Engineer: 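Below are the structure tokens for one structure; questions will follow.
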Amino acid sequence: MAKKVILLSIATAFMAVGCVAFPDDGYHDGRYDSGRNYGYGYNRGADERYDRERDRQRWEYQQQRNRLEQERRRQEIERRNWDQNRKNQQDWERRKNDAERQRLDQQRQKMQQDRQRLDQQRQKAQNDRTKRAEYEQKKREQNRNQANRNAEQRKQWDNRRQENNKRMNENRRDQNQREQRKD
């Protein structure tokens with residue numbers, strides 16, 4: 001657009017110089033347009049064309065400035081929107097990352113609690129097995145001891161019975177012998 005304005009101004013300058021150098025009426029008395037009256041009532045047709053052209057140029061220039069200003073505003077709004085969207089995206093990603101980190105921390109804590117609970121259950125089961133094994137071993141030992149005591153008691157009873165039987169047999173024999181002697 002600037003090129004057009006420059007080109008238009010150069011063309012206007014050449015036309016103005018051309019009109020001065022080569023007037024329509026020519027040279028009459030050595031002066032340019034000696035018969036023209038540039039005061040009131042002179043021919044304003046060329047001036048009106050020039051004014052219309054200048055008005056059109058001013059209007060085009062103003063339209064161009066308006067378009068440029070509008071484009072600048074639009075770009076500024078787009079840049080602000082882009083900045084805001086980028087900021088919102090970063091905030092969203094930060095919140096998402098924080099939520100993910102928090103979820104992972106909770107999951108890690110839950111896994112740790114589950115692991116501790118399982119370790120406690122294993123330890124309790126191991127303790128129960130150990131106690132059961134100790135109890136069973138104690139019971140076997142008690143049964144063995146009881147069996148040994150019973151066996152010893154039986155032996156003692158057998159020995160006593162045998163002694164009693166022996167004594168009784170001896171007493172009977174003695175009595176029989178006494179009776180036989182008496183008879």
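Note that these values count all heavy atoms, side chains included, but never hydrogens, waters or copies made by symmetry. Predicted model only: the values in this text are computed from it and were never measured.
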Engineer: For a 4.5 angstrom cut-off between non-hydrogen side-chain atoms, does Arg101 reach Asp98?
Structural biologist: yes
Engineer: Can you tell me how far CD of Glu134 sits from CD of Glu141, rounded to the nearest 0.5 angstrom?
Structural biologist: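 Taking CD in Glu141 and CD in Glu134, the distance rounds to 12.0 Å.
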Engineer: Please examine the side chains of Asn85 and Gln89, heavy atoms only from C-beta on, and report whether any two atoms are closer than 4.5 Å.
Structural biologist: no
Engineer: Considering only NZ, NE, NH1 and NH2 on the basic side and carboxylate oxygens on the acidic side, decide whether Asp55 and Arg58 come within less than 4.0 Å.
Structural biologist: yes
Engineer: From Arg144 CZ over to Gln137 CD, what is the distance, rounded to the nearest 0.5 angstrom?
Structural biologist: 8.0 Å
Engineer: I'd like to know if the side chain of Gln109 pairs up with that of Asp105 as donor and acceptor (distance under 3.5 Å, no hydrogens or angles considered).
Structural biologist: no
Engineer: Stepwise, does the salt bridge (charged side-chain N to carboxylate O under 4.0 Å, His left out) test hold for Asp51 with Arg54?
Structural biologist: CA-CA 5 Å; Asp51 289 342; Arg54 294 260 315 172; over 6 Å; no
Engineer: With a 4.0 Å cut-off, would you call Asp128 and Lys131 a salt bridge?
Structural biologist: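 No.
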Engineer: Nearest 0.5 Å, what's the CH2-CZ distance between Trp157 and Arg160?
Structural biologist: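 It comes to 9.0 Å.
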Engineer: Are the side chains of Asn97 and Arg94 in touch, meaning some heavy atoms are under 4.5 Å apart?
Structural biologist: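 No, their side chains stay 4.5 Å or more apart.
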Engineer: Taking NZ, NE, NH1 and NH2 as the nitrogens, is one of them in Arg56 or Glu60 under 4.0 Å from a carboxylate oxygen of the other?
Structural biologist: yes
Engineer: Does the distance from a Lys or Arg side-chain N to an Asp or Glu carboxylate O, for Asp158 and Lys155, drop under 4.0 Å?
Structural biologist: no
Engineer: May I ask you to check whether over 12 heavy atoms, not counting those of Gln70, lie within 6.0 Å of atom CD?
Structural biologist: no
Engineer: What distance separates Glu136 CD from Arg129 CZ, expressed to the nearest 0.5 Å?
Structural biologist: 12.5 Å
Engineer: Are there more than 12 heavy atoms of other residues, nucleotides or ligands under 6.0 Å from atom CZ of Arg65?
Structural biologist: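 Count not over threshold, so no.
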Engineer: Please lay out, stage by stage, how Gln146 and Asn150 fare under the test side-chain hydrogen bond (donor to acceptor under 3.5 Å, both in side chains).
Structural biologist: CA-CA 6 Å; Gln146 184 67 37; Asn150 288 343; 3.1 Å; yes
Engineer: Please lay out, stage by stage, how Gln121 and Leu118 fare under the test side-chain contact (heavy atoms from CB on, under 4.5 Å).
Structural biologist: CA-CA 5 Å; Gln121 287 176 349; Leu118 286 173; 3.6 Å; yes
Engineer: So do Leu7 and Lys3 actually touch side chain to side chain, heavy atoms under 4.5 Å?
Structural biologist: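 Heavy-atom side-chain distance check fails, nothing below 4.5 Å.
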Engineer: Salt bridge check, Arg149 against Glu152: does any charged N sit closer than 4.0 Å to a carboxylate O?
Structural biologist: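 Salt bridge absent between Glu152 and Arg149.
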Engineer: State plainly whether the residues Arg79 and Glu76 are in salt-bridge range, i.e. N to O under 4.0 Å.
Structural biologist: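 Yes, this pair counts.
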Engineer: Rounded to the nearest 0.5 Å, how far does CD of Gln62 lie from CZ of Arg67?
Structural biologist: 10.5 Å
Engineer: If you count the non-hydrogen atoms of other residues, nucleotides and ligands that lie under 6.0 Å from CD in Gln153, is the total more than 12?
Structural biologist: yes
Engineer: Testing the 3.5 Å rule here: is there a donor-acceptor pair between the side chains of Asn88 and Gln84?
Structural biologist: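 Looking only at side-chain atoms, Gln84 and Asn88 do form a donor-acceptor pair, the distance falling under 3.5 Å.
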Engineer: To the nearest 0.5 Å, what is the distance between CD on Gln156 and CZ on Arg161?
Structural biologist: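 Here the rounded value is 13.5 Å.
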Engineer: Quick test of your reading of the model: are Asp114 and Lys110 salt-bridged, counting only N-O distances below 4.0 Å?
Structural biologist: yes
